[in-house]
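Take a look at the structure below.
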Amino acid sequence: MTELSSYHRETADAYDAVAVLYADLFRHALDGIPLDRAMLAAFADTVRAAGPGPVAELGCGPGNVTAHLRDLGLDVFGVDLSPVMIDLAREAHPDLRFDVGSMEALDVADGGLRGIVSWYSVIHTPPQDLPAYFAEFRRVLAADGTLLLGFFESEGEPVTAFDHKVTTAYRWPIDDLAGLAGDAGFTEVGRMLREPGEGERFRQGRLLMRAGGGAR
């Protein structure tokens, strides 16, 4: 992996410090949230319909969502900035591939992926830097590739920073996030908003996007 910027290093260090607690806390996070499982299933169905090929979960943490995608029949691997998170993912899921890396500079050929899941992994990205991430996602996705974003929604407010328990994060208006992805060459397939569940502070947003359609 290339040398990390100060922002990336701070994020990686913050997640390294809480990795074991984080992995334990979120080990079964999907079990009680059928709407989230439904969006992941829709992503998997869309990817499989386009044909076989690799899928990446970017910002995979301890690998729980990566393993769930595997169970949905996808050829999936995980990438995360945090070396400690990657060690935990490899220990918990030895049958899967996990790499330390940055979403901004993926070691993947142009068009090399069928799908990307970014499940709360762009939430720490400063808003001015997010277009570069979406451009990288578009680069590595095949022409009919699929992107699923999971994030905190801003509930009528503009992009809003908040005190995430690990490091500063941002809540996004769903239309604004969809617009940024559209500018990078993605077309919206569907979206979901769900209200906060037990232990959650904010509304949750999901966007299912397909590569193609060109910049707006």
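It should be emphasised that the depicted structure is a prediction, and the values quoted were computed from it without experimental measurement. Basis for what follows: all heavy atoms, side chains included, without hydrogens, waters or symmetry-related copies.
Counting only heavy atoms from C-beta outward, the side chains of Met39 and Met192 approach each other to under 4.5 Å. Side-chain contact between Ile174 and Leu207: present, with at least one pair of heavy atoms (C-beta onward) separated by less than 4.5 Å. Contact check for Val189 versus Phe43: no side-chain heavy atoms found under the 4.5 Å cut-off. The side-chain heavy atoms of Thr146 and Val55, taken from C-beta on, include no pair separated by under 4.5 Å. Counting heavy atoms from C-beta on, the side chains of Val159 and Arg171 never come closer than 4.5 Å. Looking at Thr168 and His124, their side chains never come closer than 4.5 Å, going by heavy atoms from C-beta outward. Taking 4.5 Å as the limit, every side-chain heavy atom of Val122 sits out of range of all side-chain heavy atoms of Trp172.
To the nearest 0.5 angstrom, Leu149 atom CG is 10.0 Å from Leu58 atom CG. How far CH2 of Trp119 is from CG of Asn64: 13.0 Å, rounded to the nearest 0.5 Å. Separation of atoms CG (Leu74) and CG (Asp45) is listed at 9.0 Å; rounding is to 0.5 Å. Taken to the nearest 0.5 Å, the CG atom of Asp129 stands 12.0 Å off from the CZ atom of Phe134. The structure places OG1 of Thr46 at 11.5 Å from CG of Leu147, a figure rounded to the nearest 0.5 Å. Atom CG of Leu96 and atom CG of Leu69 lie 9.5 Å apart (nearest 0.5 Å).
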Using the rule given for side-chain contact (heavy atoms from CB on, under 4.5 Å), can you reason through Met209 versus Thr187, listing the C-alpha separation, both sets of side-chain angles and the distance that settles it, and then say yes or no? CA-CA 5 Å; Met209 316 286 290; Thr187 300; over 6 Å; no

Please step through side-chain contact (heavy atoms from CB on, under 4.5 Å) for the pair Phe202 and Glu153, ending with a clear verdict. CA-CA 7 Å; Phe202 307 121; Glu153 211 274 333; over 6 Å; no

Could you walk me through whether Cys60 and Val65 pass the side-chain contact (heavy atoms from CB on, under 4.5 Å) test, one step at a time? CA-CA 7 Å; Cys60 64; Val65 173; over 6 Å; no

Might you work through the salt bridge (charged side-chain N to carboxylate O under 4.0 Å, His left out) test for Arg114 and Asp75, ending with a clear yes or no? CA-CA 9 Å; Arg114 279 292 185 185; Asp75 175 15; over 6 Å; no

Could you go through Ile116 and Val140, starting from their C-alpha distance and side-chain angles, then the distance that decides it, and tell me whether this counts as side-chain contact (heavy atoms from CB on, under 4.5 Å)? CA-CA 9 Å; Ile116 287 173; Val140 299; 3.7 Å; yes

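Residue Ala89 comes nearest to Gly63 through the heavy atom pair CB-N, 4.0 Å, listed as atom of the first residue, atom of the second, then distance. Closest of all the heavy-atom pairs between Pro173 and Ser154 is N-OG, 3.1 Å. Across every non-hydrogen atom of Gly115 and Val47, the tightest pair is CA-CG2, 4.3 Å. Of all heavy-atom pairs spanning Val100 and Pro83, the tightest one is CG2-CA, 3.9 Å. Between Asp144 and Arg210 the shortest heavy-atom distance is O-NE, 4.3 Å. Contact between Arg203 and Glu155 at its shortest, heavy atoms only, is N-OE2, 2.9 Å.
No chain of hydrophobic side-chain contacts below 4.5 Å, direct or via other Ile, Leu, Val, Met, Phe, Trp or Tyr residues, connects Ile33 to Leu40.
In terms of modelled atom types and a separation under 3.5 Å, the side chain of Asp80 and the main chain of Gly61 share a donor-acceptor contact. Of the possible polar contacts, none joining the Arg206 side chain to the Gly190 backbone as a donor-acceptor pair under 3.5 Å is found.
A salt bridge is defined here as a Lys NZ or Arg NE, NH1 or NH2 lying under 4.0 Å from an Asp or Glu carboxylate O, and Arg191 with Asp175 meets this definition. Look at Arg37 and Asp31 and you find no salt bridge, because none of the NZ, NE, NH1 or NH2 atoms lies under 4.0 Å from a carboxylate O. Arg194 has a carboxylate O that lies under 4.0 Å from a charged side-chain N of Asp36, or vice versa, which qualifies the two as a salt bridge.
Around CD of Glu200, the count of heavy atoms belonging to other residues, nucleotides or ligands within 6.0 Å exceeds 12. For Asp71, the CG atom is densely surrounded, since the number of other residues' heavy atoms within 6.0 Å is greater than 12.
The aromatic rings of Phe98 and His93 sit tilted, their planes meeting at an angle between 30° and 60°.
Taking the six-membered ring for Trp, Phe137 and Phe186 have ring centres at least 6.0 Å apart. Residues Phe151 and Tyr170 keep their aromatic ring centres 6.0 Å or farther apart.
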